[in-house]
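Predicted model, so just to flag it, every value in this text is computed and none were measured.
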Amino acid sequence: MAVSAVSEPGVRQATARAQDLCPAAVRAMVIWPRLDRRALARCGCDSARIAKYVSRRTRMPARSIEALLNRS
């Protein structure tokens, strides 16, 4: 039995998941790519909470991480 689907290559539909993360969480994912997206989403858009989460996974202090996340 064959299943066929029509789809344009390279075109992805935007989902609600793609919009869950705030700019600070996205920046954290860029700097530390192995972070857990769910854990970042639970932190909300609070950069202090994100910094505390990241500091548990790295050797950087939370204040330095928060400064990196708040840079524009």
Please report the closest heavy-atom contact between Leu69 and Ser47, naming both atoms and the distance.
CD1-O, 4.1 Å
Answer yes or no: is there a donor N or O on one side and an acceptor on the other, between the side chain of Arg49 and the main chain of Arg42, under 3.5 Å?
yes
Mark yes or no for whether Ser64, through its side chain, and Met60, through its backbone, hold a donor-acceptor pair below 3.5 Å.
no
Examine distances only and state if a side-chain atom of Arg57 and a backbone atom of Trp32 form a donor-acceptor pair shorter than 3.5 Å.
no
Check Ser55 against Pro61 and note the closest heavy-atom contact, atom names and distance.
CB-C, 4.4 Å
Go through it in stages, so that I can follow the logic: the residues are Arg27 and Leu68, the test is side chain to side chain contact (heavy atoms under 4.5 Å, CB included), and I'd like the CA-CA distance, side-chain angles, deciding distance and then a yes or no.
CA-CA 9 Å; Arg27 187 167 294 142; Leu68 280 174; 6.0 Å; no
Restricting to non-hydrogen atoms, name the atom on Ile65 and the atom on Ala51 that form the minimum distance, rounded to 0.1 Å.
CG2-CA, 3.7 Å
Which atoms form the tightest heavy-atom contact between Met29 and Leu35, and what is the distance?
SD-O, 3.7 Å
Take Asp46 and Ile50, measure what side chain to side chain contact (heavy atoms under 4.5 Å, CB included) needs, and give me the verdict at the end.
CA-CA 6 Å; Asp46 185 13; Ile50 294 171; 6.0 Å; no
